[in-house]
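Below is one structure, written out as structure tokens; comments come after it.
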Amino acid sequence: MQTGKELIPHLFRTEYSKITAVLTKLFGFEHVEIAEDIASDTFLLAAETWGIKGLPDSPVAWLYAVAKNRAKDYLKHHKIFSDKVTPGLQNAHNGLYEINIDLSPKNITDSQLQMMFAICHPAIPAEAQIGLSLRILCGFGIEEISDAFLSNKETINKRLFRAKEKLRAEKVKLEFPAPGEIDNRLETVLTTLYLLFNEGYYSVSQNTTLRKDLCLEAMRLNLLLVENEQTNMPKVKALLALMCFHASRFEARTKQNGELIAYDDQDTALWDDELIQQGKLYLNLAAEGTEVSKYHLEAAIAHWHTIKADTTEKWQNILQLYNRLLLIEYSPAAALNRTYALAKADGKDIAIPEAEKLKLEKSHLYFSLLGYLYAEVDDKKAVAHLKTALKLAKSGSDKATIQKSIDKVLQGQR
Amino acid sequence: MTEFLLIFRSTPPTGDAVPSPEQLKEISKPWMDWIGGIAAQDKLSNRGNRLTFGGATVKPGAVTDGPYAEIKEIILGYTIVKADTLGEAVELAKACPVLAVGGNVEVRAIAPMNV
């Protein structure tokens, strides 16, 4: 009985999204809630039945059989609904009809991919895309999603409800975008996956297990794209490479209490070499075609960071990669990181005036950078900047890190 | 924010020597660092382009070879930045690597047309 209870949450995540995707494809996106309900009911029954009778021989097959029966029941009892949905599948036979609900691996994968395009739709805001992805594509509970976003259940429920309404109004369908449109729609999907990964990687939630799960889900969905011929563009592989490189440092970058360990302080023995090799593989596969996307550049930078040693070559290369990244798209994070790389490559004297020009006065990271740059150059200024950073920082973890930097500078003065 | 066109001019290089990869890297670092620095301030509007040395000049009744029939200097390339004032744009231009090789930067505000 114990094993059953542990197994169910894991199965829920993986199989809930598959069942929901297939049923939504069958019913149409406008009936996505029915698909979700059937999937939820299936798991409810599993929890009740397996608790009493023990685990079936093949839990997944059991789930699929129950889901299929519930879906068929629903179609039979809602004739108008089923007349619209199943004309192609109907096999009139003495007034009864057999509905084939295709839970083959191919249809599951295709349905999930099409669900990704439906959810990562430019008509709804990015945070709604992530929320819906987590709920429908990843099987996360509302509570987990609110924890990830540091929000509450009411807000999340409203957000998801409104998003579904909007998608229904847009008459979104579960289908692959037309060949001419795919590149465009893929941009939105990749942005959502990138943001989803970042939620896990940089989230201030204390729940480290949840954060890791968010990253793993982003990688899983990215892999679905890579494994499909219509969507395996170089930039899709580059994004996966980027995620692999970042994920390789999971074990080394957080303490038990969720506090972040800075890159320079990490124990490289805890870096996952297998993930690094996976990243290199995808980065090599991404090196085709003519497009150098921002994901290519970020992955290349992340690749350099898998080597801890501080060499001129490393930092000159990273500097040029950030230069090129900023040419494609400006972001405060890229601007700050570029300036840090400039300091490492060409020295603080050159980097300080550049940093002063950035004027990102609302960002604690900006003042942390200035603090780092001025340390051992002008300690008084360094401490002043770090104190500003301390005031602007919001999370306990960030404040602790900044305080440590302040202490370090003050100690150096003695 | 106004857009400013930066036009880089210099005397054209003599000879046909093609720079080696190392030389190219040496030449490109100052340019990439300068443009990257502008981009980091979120003041880059368009990276711009280099111009090839060949070309033509079309005048009424005549087409002459290349841009350097009469002038000593040629336009090497252009970039578009954004700034609040001409003074700001000029500050950005002061660090342009073309100045180190005796060239110059013309800074012109772009006057948008209301079409």
Side-chain angles (χ1 to χ4, degrees), chain A residues 291-294 297-298 300-301 304 311-363 365-370 372-373, chain B residues 1-8 19-51 76-101 105 107 110:
Chain A
E291 193 200 359
V292 176
S293 71
K294 58 184 172 182
L297 296 170
E298 289 199 46
I301 292 167
W304 276 108
T311 61
T312 323
E313 190 199 4
K314 172 179 171 180
W315 289 107
Q316 287 295 346
N317 273 290
I318 292 178
L319 170 61
Q320 292 313 321
L321 287 164
Y322 271 116
N323 281 340
R324 289 166 68 187
L325 185 58
L326 285 163
L327 289 186
I328 293 182
E329 193 180 87
Y330 168 81
S331 74
L336 291 171
N337 286 328
R338 182 249 177 200
T339 313
Y340 180 82
L342 181 63
K344 292 290 234 181
D346 291 347
K348 287 185 175 183
D349 289 339
I350 298 199
I352 287 177
E354 294 280 297
E356 303 273 359
K357 290 180 201 165
L358 296 183
K359 299 207 189 307
L360 295 165
E361 322 247 282
K362 298 207 187 119
S363 158
L365 293 169
Y366 176 56
F367 289 103
S368 290
L369 175 67
L370 284 171
Y372 161 77
L373 291 173
Chain B
M1 285 267 201
T2 313
E3 286 190 316
F4 291 86
L5 177 65
L6 304 183
I7 304 163
F8 316 123
S20 69
E22 287 74 36
Q23 286 174 316
L24 274 176
K25 233 180 175 168
E26 261 179 53
I27 298 169
S28 71
K29 177 174 159 71
W31 280 93
M32 285 304 291
D33 286 349
W34 175 63
I35 285 267
I38 296 177
Q41 296 173 59
D42 199 11
K43 291 185 178 164
L44 187 69
S45 206
N46 189 317
R47 188 201 66 180
N49 274 304
R50 292 173 302 195
L51 304 176
L76 298 177
Y78 67 93
T79 293
I80 304 179
V81 303
K82 4 176 214 189
D84 285 323
T85 63
L86 177 64
E88 247 186 67
V90 165
E91 277 309 304
L92 295 176
K94 279 184 180 173
C96 178
V98 81
L99 297 172
V101 295
V105 185
V107 183
I110 293 178

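Order of the sequence lines sets the chain letters (A, B, ...), proteins ahead of strands, with each chain counted from 1.
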Minimal non-hydrogen separation, B/A40 against A/A335, with atom names: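 Answer, listing the atom of B/A40 first, then A/A335: O-CB, 3.4 Å.
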Looking only at non-hydrogen atoms, find the nearest pair between B/G36 and A/L326 and report the distance.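 Taking every non-hydrogen atom into account, O-CD1, 4.0 Å.
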Positions in residues 355-363 of chain A that reach chain B, provided some heavy atom is under 4.5 Å away: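 Interface residues of residues 355-363 of chain A: A/K357, A/L358.
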Please classify the contact of A/L319 with chain B as side chain, backbone, both or neither, using a heavy-atom distance under 4.5 Å.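 The side chain, not the backbone.
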So do A/L327 and B/M32 actually touch side chain to side chain, heavy atoms under 4.5 Å?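 Yes, their side chains come closer than 4.5 Å.
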Would you check if B/D33 and A/N323 make a side-chain contact, meaning some heavy-atom pair closer than 4.5 Å?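 Yes, side chains in contact.
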Neighbour count above 12 (heavy atom, 6.0 Å) for B/N49 CG: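 Atom CG in B/N49 is packed in, count exceeds 12.
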Where along residues 88-95 of chain B does a heavy atom come under 4.5 Å of chain A, listed by residue number?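 Near chain A, by residue number: none.
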Looking at chain A, which one of B/D42, B/I38, B/L44, B/I35 has the largest number of heavy-atom pairs inside 4.5 Å, strictly under?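 Of the options given, most contacts go to B/D42.
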